[in-house]
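A quick write-up on the structure given underneath.
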Amino acid sequence: MNTFAPSSQKIVILTGAGISKESGLDTFRCADGIWARVRLEDVATPEAFCRNPALVHQFYNARRGALTDPAIVPNAAHLALARLEREWPDDVLIVTQNIDDLHERAGSRNLIHMHGELKKVRCQRCGALLDWFEDLTTGDACPSCRGEGQLRPHVVWFGEMPLEIERIYAALEQCGMFLSIGTSGNVYPAAGFVRHVRSFTDAHAVELNLEPTAGASLFAETIYGPATVSVPSFVDRLLADAGCVRG
Ligand code: APR
């Protein structure tokens with residue numbers, strides 16, 4: 001591994017659908033991905049929700065329901081990142097594009113869901129943010145304001161602003177290491193995070209993915225292969241190099 005001596009030891013980790021693939025959840029842009037089966041314009045934009053809310057609810061209900069499948073559990077990559085957060089001597093922040101709950105279930109705590117969460121819904125009328133584990137329909141009333149048909153998935157759609165973007169940029173500007181794991185780097189602003197890190201810090205940037213992405217040349221180090229192999233191995237080396245032997 002390239003030795004790195006950045007001015008900070010804080011780590012920011014961007015994850016995408018690829019880290020959850022080996023847990024049994026689909027990616028978006030692989031050959032068998034979600035956007036190969038469903039048009040994002042029909043289910044993942046504010047206009048789609050206005051046009052046909054029932055279809056949008058059906059799309060997210062199916063994905064929320066998948067998370068209750070006992071076979072869908074955090075994999076070795078999620079668990080390795082949770083271990084890194086526990087054992088690393090400085091901050092470790094995961095910024096995930098994923099709306100599943102596998103990072104939390106693996107034990108990660110310092111976590112931002114920049115594209116929202118499947119297990120939360122939001123009232124368009126009163127702004128209430130609610131935990132929600134079953135199907136959502138147009139007939140459901142907001143438990144807070146009683147408004148009917150006002151609840152929507154707490155998911156960031158195309159054309160909407162990602163969540164906590166100021167906090168994310170502040171962390172990127174203070175990190176000493178930036179990891180990009182299981183993301184194709186197709187969707188901004190996440191796809192631009194590596195450039196932001198390079199322009200503001202001397203951080204060591206690493207891409208860990210199944211295969212090189214279009215932004216691969218922007219990374220000081222690249223590691224390719226399944227996340228359940230590359231991520232635990234990388235975390236082991238990182239902790240060993242920092243002298244953080246398992247307690
Ligand atoms: N291990 C590591 N990487 C993998 C694995 C694996 N087992 N399987 C697939 N990948 C990689 C693919 O090579 C691909 O580069 O994961 C990446 C997944 O890319 P996308 O499907 O584009 O998913 P993502 O980058 O998370 O998409 C970003 O786009 O549609 C929107 O909001 C949605 O959050 C999503 C955003």
Side-chain angles (χ1 to χ4, degrees), residues 13-40 42-44 54-87 92 94-121 130-137 140 151-157 163 179-184 186-187 190 208-211 213 223-236 246:
I13 305 167
L14 172 67
T15 65
I19 200 171
S20 296
K21 175 75 173 171
E22 291 162 271
S23 292
L25 294 179
D26 288 334
T27 62
F28 292 93
R29 294 173 185 82
C30 297
D32 61 347
I34 293 171
W35 298 145
R37 303 196 301 272
V38 181
R39 289 180 71 251
L40 69 88
D42 293 340
V43 294
L55 180 64
V56 174
H57 283 319
Q58 182 187 340
F59 175 66
Y60 289 101
N61 289 343
R63 295 177 63 197
R64 188 182 305 106
L67 295 184
T68 60
D69 180 342
I72 306 282
V73 295
N75 63 51
H78 297 105
L79 294 168
L81 295 187
R83 176 185 171 214
L84 182 64
E85 180 184 339
R86 287 194 305 273
E87 300 181 12
V92 174
I94 294 177
V95 179
T96 188
Q97 301 170 92
N98 300 341
I99 58 178
D100 64 58
D101 60 349
L102 296 179
H103 281 304
E104 295 87 329
R105 288 164 60 188
S108 290
R109 292 293 170 266
N110 196 17
L111 174 63
I112 295 176
H113 279 278
M114 66 180 290
H115 289 169
E117 299 175 62
L118 270 173
K119 291 189 169 179
K120 285 188 169 68
V121 300
L130 308 154
D131 288 333
W132 199 274
F133 306 116
E134 58 267 359
D135 284 358
L136 180 63
T137 70
D140 287 306
L151 295 174
R152 59 164 279 182
H154 180 56
V155 173
V156 177
W157 287 325
L163 306 174
L179 310 182
S180 179
I181 302 174
T183 180
S184 62
N186 265 291
V187 175
L208 296 97
N209 203 57
L210 194 60
E211 74 259 331
T213 66
I223 301 169
Y224 298 119
T228 56
V229 174
S230 64
V231 177
S233 163
F234 185 81
V235 167
D236 286 347
R246 194 185 276 273

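Between the Trp35 side chain and the Arg37 main chain, no donor and acceptor come within less than 3.5 Å of each other. A donor-acceptor pair under 3.5 Å links the side-chain atoms of His113 to the main chain of Asn98, judged by distance alone. Between the Ser23 side chain and the Leu25 main chain, no donor and acceptor come within less than 3.5 Å of each other. Using modelled atom types, no side-chain atom of Asp26 and backbone atom of Gly33 make a donor-acceptor pair closer than 3.5 Å. In this structure, Asn209 contributes its side chain and Thr183 its backbone to a donor-acceptor pair below 3.5 Å. Panel note: side chain Asp131, backbone Lys120; no donor-acceptor pair is recorded below 3.5 Å. Counting only distance, with no hydrogens or angles, the side chain of Asp140 and the backbone of Thr137 share a donor-acceptor pair below 3.5 Å. Judged by distance alone, with hydrogens and angles left aside, the side-chain atoms of Arg64 form no donor-acceptor pair with the main-chain N or O of Phe133 at under 3.5 Å.
Within the 4.5 Å cutoff, the side chain of Val43 has heavy atoms near those of the Leu55 side chain. Side chains of Val92 and Ile13 form a contact here, defined as non-hydrogen atoms less than 4.5 Å apart. Counting only heavy atoms from C-beta outward, the side chains of Asn110 and Ile94 never approach each other to under 4.5 Å. By the 4.5 Å heavy-atom criterion applied to side chains, Ile99 and Tyr60 are counted as neighbours. Contact check for Ile181 versus Leu81: side-chain heavy atoms found under the 4.5 Å cut-off. Between Lys21 and Asp32 the shortest side-chain heavy-atom distance falls below 4.5 Å. Side-chain contact check for Ile34 versus Phe59: some heavy-atom pair is nearer than 4.5 Å. Contact check for Trp157 versus Arg152: side-chain heavy atoms found under the 4.5 Å cut-off.
The CD atom of Gln97 sits 7.0 Å away from atom OG1 of Thr15, with the distance rounded to the nearest 0.5 Å.
With no hydrogens or angles considered, a side-chain donor-acceptor pair links Asp100 and Ser20 at under 3.5 Å.
Ring-plane geometry between His78 and His103 is classed as perpendicular, the angle between the planes exceeding 60 degrees on a 0 to 90 degree scale with a lower cut at 30.
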Using side chain to side chain contact (heavy atoms under 4.5 Å, CB included), reason through Val187 and Arg29 one step at a time and then give a plain yes or no.
CA-CA 11 Å; Val187 175; Arg29 294 173 185 82; 3.2 Å; yes
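A salt bridge links Asp236 with Arg83: at least one charged nitrogen is closer than 4.0 Å to a carboxylate oxygen.
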